[in-house]
Enquirer: 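Input: one structure, supplied below.
No experiment lies behind these values; they were computed from the predicted model shown.
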Amino acid sequence: MSFFADNIRLLRGKKKISQAELAAKLIITRSAYAAYESGRIQPGPDILIKMSKYFNISIDLLLTVDIGKYPLEEMINLPNNRIILPIIVDQQGNNYIEIVTQTASMGYLKGFSDPEYIEGLSRMSLPFLGHGKYRAFVADGDSMPPFVDKTKVIGEYVEKLEDLKKGNKYIFVTLEGITFKTFVEKKGNTITVSADNSFYEPYDIASENILEIWKYINGILPKDYNLGYSNEVDLHQIIQELRKDIKVLNSKL
């Protein structure tokens, strides 16, 4: 919690309220709040939740990120009280596109909301995409069928589940991994998705397991792409998809 005291002091200053005023909003004494700002006492979960909601910043960022390094006006509010920051642009003002390779994908599941991790990713710029927040995910073997190995699959950030459109293709970042699927429908707390290959049945993903969603925009094939390659890997992709489906069924059972 090394950043927490400095973060809440900074955020309170930007709100231009006193310790006593903030303490009243949190329903605690001023002396208790002052102890949090000085770092003498660590707040419990209930107080952390209240602060997170008041400042509109996730608990994770309050505790682990030096917020003072990043302009608050450049933060993008995301669902579930999370934020992603900062937006990095090139000399023409176009947003850079971070590239998540297959080797970095497991780290991405943990670091997707960590600005230092995101800043450490490789980047590219595609001005023709226009303004928006884009990210590229690199397919590796059967990681994102039907895309072949080394394809850069580019997606535009989707803010909320309600923005999903039936029949559109998306990159879903879930607790289990990164997958490319077509959105079918939303049912309560789950969404139904399907693979491009009609051989597979659609399946559900619990909304609580979804970390991010990126709408498919474009794909950049590798320079050594072989037109005949995709046919050669169809059977391999089917086998791998079957293995994944069996794993999902086993976890449900």
Enquirer: Just by distance, do the side chain of Ser207 and the backbone of Asn189 share a donor-acceptor pair under 3.5 Å?
Expert: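 Yes, because the side chain of Ser207 sits within donor-acceptor range (under 3.5 Å) of the backbone of Asn189.
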Enquirer: Listed by chain and number, what are the side-chain contact (heavy atoms from CB on, under 4.5 Å) partners of Leu175, not counting sequence neighbours?
Expert: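 side-chain contact (heavy atoms from CB on, under 4.5 Å) check on Leu175 returns Asn209, Leu211.
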Enquirer: With sequence neighbours left out, write down each residue that passes side chain to side chain donor-acceptor pair (under 3.5 Å) with Ser122, or none if nothing qualifies.
Expert: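 In terms of side chain to side chain donor-acceptor pair (under 3.5 Å), with neighbours along the sequence ignored, Ser122 is linked to no residue.
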Enquirer: Rounded to the nearest 0.5 Å, what separates atom CD in Glu212 from atom OH in Tyr157?
Expert: 6.0 Å
Enquirer: When you compare the side chain of Ile97 with that of Arg123, does any pair of heavy atoms fall below 4.5 Å?
Expert: no
Enquirer: Does any part of the side chain of Ser194, heavy atoms only, come nearer than 4.5 Å to the side chain of Tyr203, both counted from C-beta?
Expert: no
Enquirer: Please name all residues satisfying side-chain contact (heavy atoms from CB on, under 4.5 Å) with Ala24, sequence neighbours left out, ordered by chain then number.
Expert: none
Enquirer: Can a donor-acceptor pair be found, under 3.5 Å and without considering hydrogens, that links the side chain of Arg12 to the backbone of Ile17?
Expert: yes
Enquirer: Less than 6.0 angstrom separating the ring centers of Phe137 and Tyr108, yes or no?
Expert: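 Close enough - the centres of the two rings lie under 6.0 Å apart.
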Enquirer: Side-chain contact, heavy-atom cut-off 4.5 Å: Lys169 with Phe183?
Expert: no
Enquirer: Working to the nearest 0.5 angstrom, can you tell me the gap between Asn7 CG and Phe55 CZ?
Expert: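 One gets 9.5 Å once the value is rounded to the nearest 0.5 Å.
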Enquirer: With Glu156, which residues qualify under side chain to side chain donor-acceptor pair (under 3.5 Å), at least two apart?
Expert: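 Side chain to side chain donor-acceptor pair (under 3.5 Å) list for Glu156, sorted by chain: empty.
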Enquirer: Using modelled atom types and a 3.5 Å cut-off, is there a donor and acceptor pairing between side-chain atoms of Lys166 and backbone atoms of Glu185?
Expert: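 A pair under 3.5 Å: no.
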Enquirer: Both conditions, 6.0 Å and 45 degrees, for the charged tip of Lys215 above the ring of Tyr134: are they met here?
Expert: no
Enquirer: Is there a side-chain contact between Tyr96 and Leu126 (heavy atoms, below 4.5 Å)?
Expert: no
Enquirer: Quick one: pull up CZ in Phe3 and CG in Leu63 and give me the separation to the nearest 0.5 Å.
Expert: 11.0 Å
Enquirer: Does a side-chain heavy-atom distance below 4.5 Å link Thr151 with Ile220?
Expert: no
Enquirer: More than 12 non-hydrogen atoms from neighbouring residues, nucleotides or ligands closer than 6.0 Å to NZ on Lys186, yes or no?
Expert: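 Enclosed.
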Enquirer: Flag the pair Leu109 / Val173 as yes when at least one side-chain heavy-atom distance between them is below 4.5 Å, and no otherwise.
Expert: yes
Enquirer: I'd like to know if the side chain of Thr174 and the backbone of Glu176 have a donor-acceptor N/O pair within less than 3.5 Å.
Expert: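 Side chain of Thr174 to backbone of Glu176, a donor-acceptor pair under 3.5 Å: yes, one is there.
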Enquirer: Applying side chain to side chain donor-acceptor pair (under 3.5 Å), name anything that partners Tyr36, two or more places apart in sequence or on another chain.
Expert: none
Enquirer: Compare all side-chain heavy atoms of Val138 with those of Val153 and state whether any distance is below 4.5 angstrom.
Expert: no
Enquirer: Within the side chain of Asp140, is there an N or O that forms a donor-acceptor pair under 3.5 Å with the backbone of Asp149?
Expert: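 Not at all, since once roles are kept as given, no pair shorter than 3.5 Å links the two residues.
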Enquirer: Is the shortest side-chain heavy-atom distance between Pro43 and Phe4 below 4.5 Å?
Expert: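 In short, these two side chains touch, coming nearer than 4.5 Å.
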Enquirer: Under the side chain to side chain donor-acceptor pair (under 3.5 Å) test, which residues partner Lys152, sequence neighbours left out?
Expert: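 Here no residue qualifies.
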Enquirer: Is Arg135 paired with Glu98 through a side-chain N to carboxylate O contact shorter than 4.0 Å?
Expert: yes
Enquirer: Does a side-chain N-to-carboxylate-O contact under 4.0 Å join Asp204 and Lys187?
Expert: yes
Enquirer: Working to the nearest 0.5 Å, report the span between CD1 of Ile8 and CD of Glu37.
Expert: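 Between atom CD1 of Ile8 and atom CD of Glu37 there are 5.0 Å.
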Enquirer: Below 30° counts as parallel, above 60° as perpendicular, anything between as tilted: where do the rings of Phe147 and Tyr216 land?
Expert: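 Because their plane-to-plane angle lies in the 30° to 60° range, the rings of Phe147 and Tyr216 count as tilted.
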